[in-house]
Asks: 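Just dropping this structure here.
Only a predicted model underlies this, so the values are computations on that prediction, with no experimental measurement involved.
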Amino acid sequence: MLYTPMNPLASLTPLRAALPSQQRDADRALRNWLALPFDMARAQYANAVRGGLIRPSKLASRDFEQLVGSMERLTLGPLARRV
């Protein structure tokens, strides 16, 4: 039987068993770094609403967040952040 780890980042570091807390920190840092373009898109949308370029709307904000969230999950796959 072939063992596949639940965490896709687990196989990247051979010291995972020896340093579990440092590995978790490294996993979190990598996920945050990969999600940076999506966080920037969210921040730009918020700044455009505050600046008056986009009309404030809860429905439009929801639609934008769903779009960016689905793009993040599609692009990053198992590395995407989850709530």
Asks: How long is the gap from CG on L67 to CZ on F38, to the nearest 0.5 Å?
Replies: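 Atom-to-atom, L67:CG and F38:CZ are 10.0 Å apart.
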Asks: Could you check V49 against R55 for side chain to side chain contact (heavy atoms under 4.5 Å, CB included), going step by step and ending with a plain yes or no?
Replies: CA-CA 6 Å; V49 170; R55 214 172 126 212; over 6 Å; no
Asks: Would a single hydrophobic cluster contain both L36 and L74, if residues Ile, Leu, Val, Met, Phe, Trp and Tyr are joined by side-chain heavy-atom contacts under 4.5 Å?
Replies: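 No.
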Asks: Hydrophobic clusters join Ile, Leu, Val, Met, Phe, Trp and Tyr when side-chain heavy atoms are under 4.5 Å apart, directly or via other members; which others share one with L59?
Replies: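 Listed partners: none, L59 stands alone.
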Asks: Could you tell me which residues satisfy salt bridge (charged side-chain N to carboxylate O under 4.0 Å, His left out) with D25, sequence neighbours excluded, listed by chain and number?
Replies: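 D25 satisfies salt bridge (charged side-chain N to carboxylate O under 4.0 Å, His left out) with R28 only.
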Asks: Give every residue pair that meets the salt bridge (Lys or Arg N to Asp or Glu O under 4.0 Å) criterion with at least one member in residues 56-67, sequence neighbours excluded.
Replies: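 Found R42-E65.
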Asks: If the condition is side-chain contact (heavy atoms from CB on, under 4.5 Å), which residues does A48 pass it with, not counting sequence neighbours?
Replies: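 For A48 the side-chain contact (heavy atoms from CB on, under 4.5 Å) partners, ignoring immediate neighbours, are L53, I54.
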Asks: Residues two or more places apart in sequence or in another chain: which of them pass side-chain contact (heavy atoms from CB on, under 4.5 Å) with A41?
Replies: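 With neighbours one apart ignored, the set is F64.
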Asks: Among all residues two or more places apart in sequence or in another chain, which pass the side-chain contact (heavy atoms from CB on, under 4.5 Å) test with L34?
Replies: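 If we apply the side-chain contact (heavy atoms from CB on, under 4.5 Å) test to L34, skipping adjacent residues, the hits are L30, L76, L79.
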Asks: If only atom types and distance count, is the side chain of S61 paired as donor or acceptor with the main-chain N or O of S57 below 3.5 Å?
Replies: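 Not a single qualifying donor-acceptor pair exists.
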Asks: Between V68 and R73, does a side chain to side chain contact (heavy atoms under 4.5 Å, CB included) hold up when you go through it step by step?
Replies: CA-CA 9 Å; V68 171; R73 286 187 300 278; over 6 Å; no
